[in-house]
Amino acid sequence: MTMLEGMTSIDLGSSPMQETTGDIMSADELIETPEERYERLLQRAQVEDLNEVSGIGCLYQSGVDRLGRPVIVFCGKWFPAQSIDLEKALLYLIKLLDPIVKGDYVIAYFHTLTSTNNYPSLHWLREVYSVLPYKYKKNLKAFYIVHPTFWTKMMTWWFTTFMAPAIKAKVHSLPGVEHLYSAITKDQLEIPAYITEYDMATNGLHYFNPVPTAS
């Protein structure tokens, strides 16, 4: 539900079956600051054609939580980590989130029915985390992981302990969708049918009585 200071290229790492594409670094890019690097990526994100990523539908905004904060949904099953252009995936992430992260926001990551084909490399996740400026971490108020597996829990622990300790306390693993309703009302959460179908098959109906929280 990760997403080296001093690095200057968009070296997004590689998935087991794919090397990411990137521009050859110019002399200016070799000495750019992290802020300049992000601004360069933001400019690219605003002008480049990212339809091949946006059309997948794995990342989008879905309403707001009970405190009025935008909810970003990420559906792991729909992220083709082994075949997608990871550089464009980063650009789309920036294009979508940049106007949102100026204020508080939350992320709901659905690990439902994902497979190894959906897992990006830890190197790429670390690079994404380092590229995104402080406002992304500071204004992220909660990161919900729904339907986690043992693998997800272990990787989340490892990543938030050694790579992203700033967000460790914001990560919450939830066994079912209804647990989200304590923080996000049902009418504000738009998710694919396969997630709710899996949730009902696994957890049954009305298995949790949500109590509104301010997390």
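Owing to the predicted nature of the structure, the values given are computational and were not obtained by experimental measurement. By convention here, the first residue in the shown sequence is residue 1. We use all heavy atoms of the structure for the numbers below, so side chains are in, but hydrogens, waters and symmetry mates are not.
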- Query: Is there a side-chain contact (heavy atoms from CB on, under 4.5 Å) between Tyr38 and Ile94 once you walk through the steps?
  - Reply: CA-CA 9 Å; Tyr38 179 76; Ile94 291 173; 3.6 Å; yes
- Take Leu93 and Leu132 through the side-chain contact (heavy atoms from CB on, under 4.5 Å) test and state the conclusion after the steps. CA-CA 10 Å; Leu93 174 71; Leu132 302 179; 4.2 Å; yes
- Query: Given the rule in the side-chain contact (heavy atoms from CB on, under 4.5 Å) test, do Ile145 and Leu174 qualify, once you have shown the distances and angles that lead to the verdict?
  - Reply: CA-CA 6 Å; Ile145 302 175; Leu174 306 176; over 6 Å; no
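For the pair Asn139 (side chain) and Val101 (backbone), a donor-acceptor distance under 3.5 Å is present. When atom types are taken as modelled, the side chain of Ser62 and the backbone of Glu190 share a donor-acceptor pair closer than 3.5 angstrom. Here the side chain of Tyr60 pairs no donor or acceptor atom with the backbone of Ser54 at under 3.5 angstrom. In this structure a side-chain-to-backbone donor-acceptor pair under 3.5 Å is missing from Thr161 to Trp158. Under a 3.5 Å cut-off, the side chain of Glu178 and the backbone N or O of Phe208 do form a donor-acceptor pair. Remark: the backbone N or O of Gln43 is not paired with any side-chain donor or acceptor of Gln46 at under 3.5 angstrom. A donor-acceptor pair under 3.5 Å is absent between the side-chain atoms of Gln188 and the main chain of Asp65, judged by distance alone. Formation of a donor-acceptor pair under 3.5 Å by the Asp98 side chain with backbone atoms of Lys95 is not found in this model.
Within the 4.5 Å cutoff, no side-chain heavy atoms of Leu67 are placed close to those of Val106. Within the 4.5 Å cutoff, the side chain of Thr185 has no heavy atoms near those of the Leu189 side chain. Counting heavy atoms from C-beta outward, Asp85 and Val53 have side chains that stay 4.5 Å or more apart. Taking 4.5 Å as the limit, some side-chain heavy atom of Ile56 sits within range of a side-chain heavy atom of Pro80. Counting heavy atoms from C-beta on, the side chains of Trp151 and His111 come closer than 4.5 Å. Residues Cys75 and Val73 meet the side-chain proximity criterion, which asks for heavy atoms closer than 4.5 Å. Looking at Asn203 and Val177, their side chains never come closer than 4.5 Å, going by heavy atoms from C-beta outward. Annotation: side chain of Arg66 is not in contact with side chain of Ile184 (no heavy-atom distance under 4.5 Å).
Cation-pi geometry between Lys137 and Tyr129 is met: under 6.0 angstrom from the ring centre, within 45 degrees of the axis.
Summarising the geometry, atom OH belonging to Tyr92 is positioned 10.5 Å from atom CD1 belonging to Ile84; distances are rounded to the nearest 0.5 Å. Here Leu113 contributes atom CG and His147 contributes atom NE2; the two are 8.5 Å apart, rounded to the nearest 0.5 Å. Interatomic distance, NE2 of His172 versus OG1 of Thr156, reported as 12.5 Å (0.5 Å rounding). One finds the CG atom of Leu122 at 13.0 Å from the CD atom of Glu127 (value rounded to the nearest 0.5 Å).
Counting non-hydrogen atoms of neighbouring residues, nucleotides and ligands closer than 6.0 angstrom, the NZ atom of Lys168 exceeds 12 such neighbours. A 6.0 Å sphere centred on OH of Tyr194 holds more than 12 heavy atoms belonging to other residues, nucleotides or ligands. Other residues, nucleotides and ligands contribute more than 12 heavy atoms inside 6.0 Å of the CD atom of Gln61.
Residues Met200 and Tyr181 do not share a hydrophobic cluster, clusters being chains of Ile/Leu/Val/Met/Phe/Trp/Tyr side chains in contact below 4.5 Å. In the hydrophobic cluster analysis, where Ile, Leu, Val, Met, Phe, Trp and Tyr join through side-chain heavy atoms closer than 4.5 angstrom, Leu42 is grouped together with Leu140. Residues Tyr134 and Leu97 are members of separate hydrophobic clusters, defined by side-chain heavy-atom contacts under 4.5 angstrom among Ile, Leu, Val, Met, Phe, Trp and Tyr. Under a hydrophobic-cluster definition in which Ile, Leu, Val, Met, Phe, Trp and Tyr are linked whenever side-chain heavy atoms come within less than 4.5 Å, directly or via other members, Val64 and Leu180 are assigned to different clusters.
Heavy-atom minimum distance, Thr116 versus Gln82: O-NE2, 3.3 Å. The shortest non-hydrogen separation linking His179 to Pro175 is NE2-CG, 3.5 Å. Residues Lys77 and Thr112 approach most closely at CB-O, 3.6 Å, considering heavy atoms. Contact record, Val146 with Gly176: CG1-C, 3.8 Å, taken as the closest heavy-atom pair. Smallest separation of non-hydrogen atoms from Ile195 and Ile191: CG2-CD1, 3.8 Å. Residues Pro70 and Ile100 approach most closely at CB-CG2, 3.8 Å, considering heavy atoms.
Applying the side-chain contact (heavy atoms from CB on, under 4.5 Å) test to Thr202 and every residue at least two apart in sequence or in another chain returns Tyr198.
Defined by atom type and a distance below 3.5 Å, a donor-acceptor pair is missing between the side-chain atoms of Tyr105 and Tyr136. Side-chain polar atoms of Tyr207 and Asp199 form a donor-acceptor pair below 3.5 angstrom.
Within the 6.0 Å centre-distance limit, the rings of Phe162 and Trp157 are counted as a close aromatic pair. No close placement of the Phe74 and Phe110 rings is indicated, their centers lying 6.0 Å or farther apart.
Here Arg44 does not pair with Glu39 in a salt bridge; the nearest charged N to carboxylate O distance is not below 4.0 Å. Between Asp104 and Lys138 no salt bridge is recorded (no basic side-chain N to carboxylate O distance below 4.0 Å). Ion pair Glu52/Lys88 flagged as a salt bridge, since at least one NZ, NE, NH1 or NH2 atom sits closer than 4.0 Å to an Asp/Glu carboxylate oxygen.
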